[in-house]
Amino acid sequence: KLGKSIAWGAIARGVSVVANFVFSILLARALGPLGKGQYALIQQFIGILAIVLNLGLPTSNVYFVAKKKISPQTAFANSIVLMLPMTLISIAVTLIFLISPFRGQLSYSLPLFVASVVLFVTTMLFGWINAVLIGEHGLKPQGIATVVQSAVLVIGTALVALFGTVRVVDMLFLAALSQAAGIMVLWFFDPHVTSVRAWSWPDFKMMVRYSFKAYFIDLANFLHLRQDILILGWLSTSTQVGLYSVAVSFAEVVRYIPVIIGSAFFAEISGYPEREQELRTAVLSRLNVLLNIVIVVLYIVALPVVVPLLFGKAFNASLALTFCLLPGAIATSIAEIPGTLLFAREILYWRLSSVMVLLNIVINIVAIPKYGALGAAFASSVTYMCYSLVIVMKTRNGTGLSLSAMLVPQKGDIEILLNKLRRKILS
C-alpha cells in the first residue's frame, strides 16, 4: 500500500516538476528577471497567507482520518466551514500588503488584488480537501489532481504566450484556474467525503488541539522556506527576486521525492507499532540519503549547462545562488523521514521551527542589504542545516534509532530496492 501511494506521488511530482519548470521558463523568457520576480513575490505572499490561515488542519486531517479517529466526512466539514471567515481575513490582509512598502516593486491594481484573493481561496480549498483524501486513500487522488493541475497550467501558459501578451496578473489567474481544476478532481474522486452536514464541534476541538502545535510547525517551516523571497523583495529589487526564484526552483527539486515519501509514510505509519515504525523509518531514511548523493552529483555535472540553456544568459547569476542553497536543501531532504517519525508519535517540534524562522529573518535582514540574493541564499542554507541537524538528533534521542541506522546506507538497502524493482518489472 505504501509503495502504491509513493508511486502515485512520484508520478504526480514528476509531472509537477516538468510542468513547473516549463511554466518557470516561459515566465522567465516572457517577463525577464523583473516580471519573474514580481510574480514570485505575490505567489509567495499568497502561499504564506494560506499557511497562516489554515490553522494546521491539513495535518490534522491526514492524522485523524488515517487513524480512523474521525470520519473523512467530518474532517472535510470541520475544515470547509472556516472558508468564509478566512476569505474575509485574506481580503483585508492582501489589500494591506499591496499598498504597503513590503510589496517591493509591485504596483497595486484591482485585477492584481482580485487575482490574489481568488488564488488564496483555491489554494486553501485544495489543501484541506487533499489532506482528507490522503488520510483516506493515500496519495492517489493527489497524484491525479496534480497531473490535471499541471496540464492546465502548462497548456494555459503556452496559449497565452502564443496568442497574447504574458502579464503577471494573467498568470495569477491561470494558477488559480489550475488549482480549481485540481479541486474538481478531488471533489469527484470520492464524492461521499464532501459533505458539510457532518460537522462536529467535539471532533473539531480534538483536531484543533492536535493541530495547534502542528500549525506552528507547518507555518514556521513554510515561512522558513518562503520568507526570504518576501524579505528580498522588500530590501532589494524584483530583479534579484527573479534570479533567486530560479535558484529556489532548483533547490526545491531536491526535496520533491523525500516529501512524497514523507507524506505517504505519515499516513501509513500512524497505525504501526513503535518498533515497526522505527524499522521502516531506518530503511526509508537510508534510501533517502542515497537519493541525495545521486542528486548532488547530477547537479554538479548538469546545472552549469542547464541554467543558461533553459532560462537564458540573463539568469546566469542563478547558478551560484543554487549552489549556495544546495547544502541546506540536501540537509532538509535528509531530515524529512526522521521528522515524519516524530510527527507520527506526536513529538511536535514547534519551538525549534519558531527559533529557526526568527534566526533566518535576522540573517536575511543583515545579509541582503550587502549581498542581495546571495545573502538570502546564505541565510536559508545556514538555518536549514541547523534545523535538520536538530531534527535528526531529536529522532535519535526520542526513539530507538541511532544516527548510523538513519544516515549510513547499507548494502542490504540497495538489494531491497533492486528486488522491489525486479518484482515490479516481472509483474
Enquirer: Just jot down the side-chain hydrogen bond (donor to acceptor under 3.5 Å, both in side chains) partners of Thr332, sequence neighbours excluded, or say none.
Expert: Arg255

Enquirer: CD/Glu336 to CG/Leu341 distance, rounded to the nearest 0.5 angstrom?
Expert: 12.5 Å

Enquirer: A side-chain contact here means heavy atoms from C-beta on lying under 4.5 Å apart; do Phe23 and Leu27 qualify?
Expert: yes

Enquirer: Taking all heavy atoms of Ala145 and all of Phe126, pick out the closest pair and write down the distance.
Expert: CB-CE1, 3.9 Å

Enquirer: Of all heavy-atom pairs between Gly35 and Val168, which one has the smallest distance, and what is that distance?
Expert: O-CG2, 3.8 Å

Enquirer: Nearest heavy-atom pair of Leu235 and Asn364: which atoms, and what distance?
Expert: CD1-O, 4.4 Å

Enquirer: Ignoring hydrogens and geometry, is there a side-chain-to-backbone donor-acceptor pair from Tyr299 to Phe250 under 3.5 Å?
Expert: yes

Enquirer: Mark yes or no for whether Asn54, through its side chain, and Trp128, through its backbone, hold a donor-acceptor pair below 3.5 Å.
Expert: no

Enquirer: Determine, stepwise, if the pair Ile337 / Met406 fulfils side-chain contact (heavy atoms from CB on, under 4.5 Å).
Expert: CA-CA 9 Å; Ile337 307 304; Met406 292 183 285; over 6 Å; no

Enquirer: Where do Phe323 and Leu319 land on the side-chain contact (heavy atoms from CB on, under 4.5 Å) test, with the steps shown first?
Expert: CA-CA 6 Å; Phe323 282 119; Leu319 182 61; 3.4 Å; yes

Enquirer: Could you tell me which residues satisfy side-chain hydrogen bond (donor to acceptor under 3.5 Å, both in side chains) with Asn292, sequence neighbours excluded, listed by chain and number?
Expert: Asn288, Ser333

Enquirer: Can you check whether Val166 reaches Leu31 side chain to side chain, under 4.5 Å on heavy atoms?
Expert: yes

Enquirer: Listing request: all side chain to side chain donor-acceptor pair (under 3.5 Å) pairs with a residue in residues 151-164, at least two apart in sequence or in separate chains.
Expert: none

Enquirer: I need the Asn61 CG to Ile134 CD1 distance, nearest 0.5 Å.
Expert: 10.0 Å

Enquirer: For Ser388, enumerate each residue passing the side-chain hydrogen bond (donor to acceptor under 3.5 Å, both in side chains) test, keeping only those at least two apart in sequence or located in another chain.
Expert: none

Enquirer: Supply the atom-to-atom distance Ile155 CD1 to Leu174 CG, rounded to the nearest 0.5 angstrom.
Expert: 10.5 Å

Enquirer: Does the Ser285 side chain pair with the main chain of Ala282, one donor and one acceptor, at a distance under 3.5 Å?
Expert: no

Enquirer: Under the 3.5 angstrom rule, does the side chain of Ser381 hit a backbone N or O of Phe378 as a donor-acceptor pair?
Expert: no

Enquirer: Compare all side-chain heavy atoms of Met356 with those of Leu359 and state whether any distance is below 4.5 angstrom.
Expert: yes

Enquirer: Sequence neighbours excluded, which residues qualify as side-chain contact (heavy atoms from CB on, under 4.5 Å) partners of Ile144?
Expert: Trp8, Lys140, Val185, Phe189

Enquirer: Give me the atom names and distance for the closest heavy-atom approach of Val289 to Pro409.
Expert: CG1-CG, 4.0 Å

Enquirer: Find out whether Leu133 and Phe76 are in side-chain contact, i.e. whether some heavy atom of one side chain is under 4.5 Å from a heavy atom of the other.
Expert: no

Enquirer: Can you sort out the partners of Asp170 under side-chain hydrogen bond (donor to acceptor under 3.5 Å, both in side chains), two or more places apart, ordered by chain and number?
Expert: Arg167

Enquirer: Scan for side chain to side chain donor-acceptor pair (under 3.5 Å) pairs involving residues 230-241, sequence neighbours excluded, and state none if there are none.
Expert: Gln105-Ser238

Enquirer: Take Thr74 and Met207 through the test side-chain contact (heavy atoms from CB on, under 4.5 Å) and record every step on the way to the result.
Expert: CA-CA 11 Å; Thr74 299; Met207 291 172 66; 5.6 Å; no

Enquirer: Check whether any side-chain heavy atom of Ile91 lies under 4.5 Å from a side-chain heavy atom of Phe120, and answer yes or no.
Expert: no

Enquirer: How many angstroms lie between atom CZ of Phe64 and atom CG of Asn78, to the nearest 0.5 angstrom?
Expert: 10.5 Å

Enquirer: Report the residues that fulfil side-chain contact (heavy atoms from CB on, under 4.5 Å) with Ser354, sequence neighbours left out, ordered by chain and then residue number.
Expert: Trp350

Enquirer: Closest heavy-atom contact between Ala181 and Val148?
Expert: CB-CG1, 3.9 Å

Enquirer: For Leu125, check side-chain contact (heavy atoms from CB on, under 4.5 Å) against everything at least two apart and list the hits.
Expert: Ile80, Met83, Val121, Ile183

Enquirer: For atom OH of Tyr371, is the number of surrounding heavy atoms from other residues, nucleotides or ligands below 6.0 Å larger than 12?
Expert: no

Enquirer: In Å, rounded to the nearest 0.5 Å, how long is the span from OG of Ser60 to CG of Asp203?
Expert: 11.5 Å

Enquirer: Which atom pairs, one a donor and one an acceptor, fall under 3.5 Å between side chains of residues 302-318 and the rest of the protein, sequence neighbours left out?
Expert:
from	atom 1	to	atom 2	distance (Å)
Ser318	OG	Leu243	O	2.8
Ser318	OG	Phe315	O	3.3

Enquirer: Should Phe204 and Leu82 count as side-chain neighbours, where that means a heavy-atom distance under 4.5 Å?
Expert: yes

Enquirer: Compile the donor-acceptor pairs under 3.5 Å between side chains in residues 42-52 and protein atoms, sequence neighbours left out, one pair per line.
Expert:
from	atom 1	to	atom 2	distance (Å)
Gln43	NE2	Tyr39	OH	3.3
Gln44	OE1	Arg226	NE	3.4

Enquirer: Ignoring hydrogens, what is the shortest heavy-atom contact between Ala176 and Val118? Give both atom names and the distance.
Expert: CB-CG1, 3.7 Å

Enquirer: Rounded to the nearest 0.5 Å, what's the gap from NZ on Lys36 to OG on Ser24? Could you check?
Expert: 3.5 Å

Enquirer: Can you pull the side chain to side chain donor-acceptor pair (under 3.5 Å) pairs that have at least one residue in residues 85-95, sequence neighbours excluded?
Expert: none

Enquirer: Can you list the steps and then say if Val132 with Leu186 is a side-chain contact (heavy atoms from CB on, under 4.5 Å)?
Expert: CA-CA 10 Å; Val132 173; Leu186 297 175; over 6 Å; no

